[in-house]
Amino acid sequence: QVQLVESGGGLVQAGGSLRLSCAASGRTFSNYVMGWFRQAPGKEREFVAAVSRLGYSTDYADSVKGRFTISRDNAKLTVYLQMNSLKPEDTAVYYCAAAERFGLSNRQYDYGSWGQGTQVTVSS
């Protein structure tokens, strides 16, 4: 498995931006599809975005398309989530996850490694 540590969360006003980072260690980073998920209070954890092993392909939840951008730097063993035009409904704990597979996935059970999460709070 790969170890994951998220950072970059915080409090931001609606319309603002944040960039989350997820640093990986332990295994060959480029063997993993990387994803971001989030869990709002009282709700189930949901898919946000995923990026392919070499970064050429991405997938997004409809709720964040056009506002969020996932990217990765395999040399730095890091995946990013740039979040723009944030809305109060984006408030959640954001989790980074790694899946040792070839194709993108939006299914939580495909991801075997998870970070501890970072809180994002968007005020109205």
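The nearest pair of heavy atoms linking Q119 to V93 is OE1-CG2, 3.2 Å. Scanning all heavy atoms of the two residues, the minimum distance from V2 to A24 falls at CG2-CB, 3.8 Å. Listed here is the closest heavy atom pair of V120 and G9: CG2-CA, 4.2 Å. The shortest non-hydrogen separation linking S85 to S17 is N-OG, 4.4 Å. The two atoms that bring C96 and L4 nearest to each other are O-CD1, 3.7 Å, heavy atoms only. The minimum heavy-atom distance linking L18 with V12 is given by the pair CD1-CG1, 4.1 Å.
Taking hydrophobic clusters as Ile, Leu, Val, Met, Phe, Trp and Tyr residues chained together by side-chain heavy-atom distances below 4.5 Å, Y95 does not share a cluster with W36. Linking Ile, Leu, Val, Met, Phe, Trp and Tyr whenever their side-chain heavy atoms come within less than 4.5 Å puts V122 and Y94 in one cluster. Both Y60 and V48 are members of a single hydrophobic cluster when ILVMFWY side chains are connected at heavy-atom separations under 4.5 Å. Cluster annotation: L86 and L81 are assigned to the same hydrophobic cluster (Ile/Leu/Val/Met/Phe/Trp/Tyr, side-chain heavy-atom contacts under 4.5 Å, transitive). There is a path of hydrophobic side-chain contacts, each under 4.5 Å, that joins I70 to F68.
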Side chains of residues 28-35: which donor-acceptor partners sit under 3.5 Å, not counting sequence neighbours?
none

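Listed by chain and number, the residues in a ring-ring contact (aromatic ring centres under 6.0 Å, His included) with Y80 amount to none (sequence neighbours excluded). Remark: D59 engages no residue in a salt bridge (Lys or Arg N to Asp or Glu O under 4.0 Å) (not counting sequence neighbours). Here K43 pairs with nothing under the salt bridge (Lys or Arg N to Asp or Glu O under 4.0 Å) rule; sequence neighbours left out.
Looking only at distances, a side-chain donor or acceptor of E6 sits under 3.5 Å from a matching main-chain atom of G117. With Q1 contributing its side chain and G112 its backbone, the two residues share a donor-acceptor pair below 3.5 Å. Remark: the backbone N or O of G103 is paired with a side-chain donor or acceptor of R101 at under 3.5 angstrom.
With a 4.5 Å cut-off between side-chain heavy atoms of Ile, Leu, Val, Met, Phe, Trp and Tyr, the cluster of Y56 takes in L54.
The line from OG of S21 to CZ of R72 is 13.5 Å long, rounded to the nearest 0.5 Å.
Under 4.0 Å is where a charged nitrogen must lie from a carboxylate oxygen, and between K65 and D62 at least one such pair does.
Using bins of under 30°, 30° to 60° and over 60° for the plane-to-plane angle, the ring pair F37/Y111 lands in the perpendicular bin.
Annotation: Q116, atom CD; neighbour count of heavy atoms from other residues, nucleotides and ligands within 6.0 Å is above 12.
Sorted by first then second residue, the side-chain hydrogen bond (donor to acceptor under 3.5 Å, both in side chains) pairs that include residues 45-54, not counting sequence neighbours, are R38-E46, R45-Q108.
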Assess whether side-chain contact (heavy atoms from CB on, under 4.5 Å) is satisfied between M83 and D90, documenting all intermediate values.
CA-CA 9 Å; M83 305 185 294; D90 294 318; over 6 Å; no
